[in-house]
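First listed ligand is number 1; within each ligand, the first listed atom is number 1. The analysis underlying the following values was restricted to heavy atoms, covering all of them including side chains, and did not include hydrogens, waters or symmetry mates.
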Amino acid sequence: MDEKEHSEDGYVLLQNPHIREMEQDFLYHISLCSGVQNLEEMFSDVKFVCMGGTPRRMEKFAHYVQQELDIKLPTGSALCDISARSYRYSMYKIGPVISVSHGMGIPSLSILLHEIIKLMYHARCKDVTFLRLGTCGGIGIPAGSLVITEEAIDGRMRNYLELEILGKPVKRPAILDKDLAAELKMIGDSEMTECQTFFGKTMCTNDFYEGQGRLDGAFCDYTMTDKVAFLKEIHSQGVTNMEMESLAFAAICHHARIKGAVICVTLLNRLLGDQISTPKEIMEEWQERPQKLAIKFIKKRLNM
Ligand code: R2B
Ligand code: URA
């Protein structure tokens, strides 16, 4: 195999020289192994990696992709969870699309992305796009809206991910692909008639409760006035939503030179409350919205 580091030619680049020297690479958390399985044969046609928090949502997305792309499975077979044996993440492959769960928060997403990027490298995948299809809390926009992240920031409005590596802080810029975000926004505006699609800054926090200024966690050492002042302040600075993975998603995709986008649906307007109390059926419908937009995008890219 040609050992050149790829990127201009569209192959997923691997920036770790140690991996190339290993005979086998156990992708432990997704239950795959290079050298044991022929990952190139299994995955080389992948063009879209779509990820979202829960196994169930990503299983539903896999079925949705199969139906929309009209992908026929061999008679008698069903879509199967490739990573079932890991008991960590669920992953499905449907033609050129991978649908995979990433769990909650940056650490869980980060582990998955390391292994998915290595999978793309081992499989010699070319021109892949990564999408996070998630949920979030909206700030000053109606519940059920779509938000395409323009810029991911941390809880202090900083647009980089800070890691501790060998005991030292390392900063990785959290940059998302502008053209990809604009393309998704255009599809949202023109084809998602059931809701509005916004563009904005996404605040990525390390906690759902105090980290997002909620008043309904197990602890709360600030007042309602403090909370509202904070949300209004960040809203005035262009923050449209809050969730828990976008910063690492953006930083890791950028570091790997992979084009990535974050599409989230707002489950509530945080200026109006903290509890997520919308009926289950409505919530289910809302959670399909990022998936619907993703399918429209994928079909466009595949000229369907
Ligand atoms: C959105 O929803 C989850 C918390 O409920 C978290 O994973 C996120 O980013
Ligand atoms: N996910 C979050 O992280 N926050 C919300 O408010 C809703 C979903």
Side-chain angles (χ1 to χ4, degrees), residues 29 50-61 88-90 99-113 130-149 151-157 161 174 176 195 198 200-218 220 222 224 227-228 230-232 234-235 239-253 260-280 282-291 293-294:
H29 303 85
C50 301
M51 55 198 83
T54 77
R56 185 169 167 272
R57 216 185 319 129
M58 297 325 285
E59 182 184 7
K60 270 182 95 175
F61 182 64
R88 294 285 184 187
Y89 305 101
S90 283
S99 175
V100 61
S101 65
H102 60 55
M104 279 193 286
I106 288 177
S108 180
L109 176 94
S110 170
I111 295 167
L112 177 79
L113 279 179
F130 282 15
L131 301 176
R132 165 167 141 71
L133 312 174
T135 60
C136 65
I139 321 256
I141 59 175
S145 300
L146 282 170
V147 180
I148 317 255
T149 302
E151 189 182 13
I153 51 171
D154 72 0
R156 290 199 247 167
M157 305 283 294
L161 175 72
L176 288 160
C195 64
F198 294 85
K201 288 186 189 157
T202 298
M203 180 173 275
C204 177
T205 67
N206 286 321
D207 171 54
F208 181 82
Y209 289 101
E210 292 171 284
Q212 297 185 1
R214 281 187 153 79
L215 299 172
D216 61 347
C220 185
Y222 42 85
M224 160 93 99
K227 167 200 148 174
V228 173
F230 174 68
L231 293 182
K232 286 197 167 154
I234 62 170
H235 181 52
V239 177
T240 41
N241 62 334
M242 279 183 177
E243 45 76 274
M244 300 177 62
E245 293 85 17
S246 59
L247 190 75
F249 178 89
I252 295 172
C253 286
V262 180
I263 313 168
C264 287
V265 67
T266 62
L267 299 184
L268 76 171
N269 177 358
R270 287 296 315 289
L271 295 183
L272 304 179
D274 294 332
Q275 294 254 305
I276 299 181
S277 51
T278 307
K280 201 168 172 291
I282 298 178
M283 203 86 89
E284 290 267 327
E285 200 262 304
W286 286 354
Q287 292 185 26
E288 284 168 12
R289 290 179 179 174
Q291 303 191 348
L293 177 50

Where ligand 1 meets F208 - atom numbers and elements under 4.0 angstrom, heavy-atom basis:
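Going through ligand 1 atom by atom, the ones under 4.0 Å from F208 are 4 (C), 5 (O).
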Can you list the atoms of ligand 1 that are under 4.0 Å from a heavy atom of E243?
9 (O)
Any ion pair linking E288 and R57 (charged N to carboxylate O, less than 4.0 Å)?
no
Between R56 and E284, is the closest basic N to carboxylate O distance under 4.0 Å?
yes
Looking at atom 8 (C) of ligand 1, what's its closest protein heavy atom, distance included?
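Checked against all protein heavy atoms, atom 8 (C) of ligand 1 sits closest to E245 OE1, 3.5 Å.
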So which heavy atom in the protein is nearest atom 5 (C) of ligand 2, and how far is it from that ligand atom?
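Going atom by atom, the protein heavy atom closest to atom 5 (C) of ligand 2 ends up being G137 N, 3.3 Å.
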Ligand 1 and M244, any nitrogen or oxygen pair closer than 3.5 angstrom?
yes
Short N or O distance, T135 and ligand 1, threshold 3.5 Å exclusive:
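Yes - when backbone and side-chain N and O of T135 are compared with those of ligand 1, one distance drops under 3.5 Å.
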I need the single residue from C264, S145, C195 that forms a side-chain contact (heavy atoms from CB on, under 4.5 Å) with R289. Which is it?
C195
Criterion side-chain contact (heavy atoms from CB on, under 4.5 Å) against K227, the qualifying member of R270, K232, R214:
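Among R270, K232, R214, the one that satisfies the side-chain contact (heavy atoms from CB on, under 4.5 Å) with K227 is R270.
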Per-atom contacts of ligand 2 with [X], taking only distances under 4.0 Å to non-hydrogen atoms:
{"X": "C136", "value": "1 (N), 5 (C), 7 (C), 8 (C)"}
{"X": "L268", "value": "6 (O)"}
{"X": "M242", "value": "2 (C), 3 (O), 4 (N)"}
{"X": "Q212", "value": "2 (C), 3 (O), 4 (N), 5 (C), 6 (O)"}
{"X": "I276", "value": "7 (C)"}

Non-hydrogen atom of R132 closer than 4.0 Å to ligand 1
yes
Where the side chain of [X] meets the backbone of [Y], is there a donor-acceptor pair that is under 3.5 Å apart?
{"X": "T205", "Y": "G155", "result": "no"}
{"X": "S108", "Y": "H102", "result": "yes"}
{"X": "T149", "Y": "E151", "result": "no"}

Examine the side chains of T266 and N241 and answer whether a donor and an acceptor come within less than 3.5 Å of each other.
no
Relative to each other, are the rings of H29 and Y89 parallel, tilted or perpendicular (30° and 60° limits)?
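H29 and Y89: perpendicular rings.
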Please classify the R214 to ligand 2 contact at 4.0 Å (heavy-atom distances, strictly less than): side chain, backbone, both or neither.
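Side chain only.
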